[in-house]
Number of protein chains: 2
Amino acid sequence: MPNNQFKKGELYSFITGKASTAIARRLQKKFNTSGLHLTIEQWSVLYHLWKQDGISQQELCNATYRDKPSITRLVDNLEKLSLVRRVASETDRRINRIYLTKQGQKLEEETMQLADETLNEALLSVPPDKVDVCKEVLQIVYDNLVNCND
Amino acid sequence: MPNNQFKKGELYSFITGKASTAIARRLQKKFNTSGLHLTIEQWSVLYHLWKQDGISQQELCNATYRDKPSITRLVDNLEKLSLVRRVASETDRRINRIYLTKQGQKLEEETMQLADETLNEALLSVPPDKVDVCKEVLQIVYDNLVNCND
DNA sequence: TTTGAATAGTTGCACAAACAACTATATGCC
DNA sequence: GGCATATAGTTGTTTGTGCAACTATTCAAA
């Protein structure tokens, strides 16, 4: 059983994503203790809107690697929080463009600060070159499973 | 903005765990097309029971990095599927020991085969030493966030 | 021995994810 | 133009997660 291509033993925690879960929980706690009523999932949508405002729900699906119903409901909740608003596209009425409100724009600085803090805590004592290797591997894994077949 | 300790740019996908999500989805699809009515989360509980049968729900919490209510419900559903059963401990009646049924035991071989397949597909063309670095980094991240403070 | 704290587990609630089925709009081909 | 097909988004259902509040049992200390 041991002589496979990789040592599989502890690799199954890859599947369950314990590390990313730990990071997400830490960041969520920082949000909560800062009085931000915002989930990590909502934040991840805002994150892409801060990079490019006014993208469609479908583009948010691709950017966040979520399916359409998930984005529909995340945008629903972000609208309820008055952080974004849906604007039907003039040229293609199937499309909703999602725009940040003033309130949504205002959250960028504080939350990105907390996210940076969280990553610094997570990566404490990890040499930068190892972080780069890790990023590279995770990117290949993602590409292997998403771009290729399926 | 760029001169931080780490290049943070693409690091935020760490938080959202896109790679582990991709792996989990691929494995779930394999389960579905094999006619296995089993979620990845249920499988992750069975995985620890295959390693050690009869552990308590609290031990499953620690092993799977989930909170107690999550394990309560996962065990509920695994019991409904007749894959495990709760047995109250004789020595400490607060504790439920979780035991695999015959059906639960039978799933090990097939599902681990599919999990191995999935990891091979995920890690295709990734050199083993880089996988090791990646594992090491993810372990440190987990330890930094879970063991230390919190 | 009793009382208070700690531990194991359950339940209620809000939010999120995956899948299927659905509506509405756009596009391309006859 | 009209019809088939593709695309964008929504809704319903089941499952899982995180938090808070709760019950039951154990343990420890006065």
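Protein chains get the first letters and strands the later ones, always in sequence-line order, with residue 1 at the start of each. Treat the numbers as computed from the prediction; the structure is a model and nothing was measured.
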Quick one: CZ on A/Arg97 to OG1 on A/Thr91, what's the gap to the nearest 0.5 Å?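 It is 6.5 Å, given to the nearest 0.5 Å.
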Short side-chain donor-acceptor distance under 3.5 Å, B/Ser70 and B/Asp67: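 There is such a pair between these side chains.
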Hey, is the main chain of A/Ile95 close enough, under 3.5 Å, to the side chain of A/Ser56 for a donor-acceptor pair?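 Here the side-chain-to-backbone pair does not exist.
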Assign [X] to base, sugar-phosphate, or nothing according to its heavy-atom contacts below 4.0 angstrom with the strands shown.
X       : answer
A/Thr72 : base
A/Asp67 : base
A/Ile71 : nothing
A/Arg86 : sugar-phosphate
A/Arg66 : sugar-phosphate
B/Arg73 : base
A/Gln28 : nothing
B/Asn77 : sugar-phosphate

To the nearest angstrom, how far is [X] atom [atom1] from [N] atom [atom2]?
X       : N      : atom1 : atom2 : value
B/Gln57 : D/dT25 : CD    : C1'   : 15 Å
B/Lys68 : D/dT23 : NZ    : C1'   : 11 Å
B/Leu60 : D/dT17 : CG    : P     : 13 Å
B/Asn96 : D/dT23 : CG    : P     : 18 Å
A/Leu27 : D/dG18 : CG    : P     : 14 Å
A/Lys18 : D/dT17 : NZ    : C1'   : 16 Å
A/Ile40 : D/dC19 : CD1   : C1'   : 14 Å
B/Tyr65 : D/dG18 : OH    : P     : 8 Å

Any non-hydrogen side-chain atom of A/Arg66 less than 4.5 Å from a side-chain atom of A/Glu41? yes
4.5 Å side-chain heavy-atom contact, A/Gln57 and A/Lys68: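 Contact flag for A/Gln57/A/Lys68 side chains = no.
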Between B/Thr39 and A/Asn32, name the one whose nearest nucleotide on DNA chain D is closer to the 5' end. B/Thr39
Residue pair A/Ser56/A/Arg25 against DNA chain D: nearer the 5' end by closest nucleotide is A/Ser56
Between A/Pro69 and A/Glu90, who's closer to the 5' end of DNA chain C by nearest nucleotide? A/Pro69
Could you pick out which residue, A/Glu41 or A/Arg94, lies toward the 5' side of DNA chain C when each is mapped onto its nearest nucleotide?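 That would be A/Glu41.
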With a 4.0 Å cut-off on N to O distance, would you call B/Asp132 and A/Lys130 a salt bridge?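 Answer for the salt bridge query: no.
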Between B/Glu79 and B/Arg85, does any side-chain N to carboxylate O distance fall below 4.0 Å?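 Salt bridge flag = no for B/Arg85 with B/Glu79.
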Under 4.0 Å from OP1 or OP2 of D/dA24: is there any side-chain N or O of B/Arg93 that close? no
Nucleotide range of DNA chain C contacted by chain A, 5' to 3', under 4.0 Å to a heavy atom? C/dC15 to C/dA26
What nucleotide, of D/dT26, D/dA8, D/dC19, holds the atom closest to the side chain of B/Asp92? D/dT26
Do B/Leu46 and B/Tyr99 belong to the same hydrophobic cluster, where Ile, Leu, Val, Met, Phe, Trp and Tyr are linked whenever their side-chain heavy atoms lie under 4.5 Å apart, directly or via other members? no
Check: D/dG18 base within 3.5 Å donor-acceptor of A/Arg26 side chain: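 Donor-acceptor pair under 3.5 Å: no.
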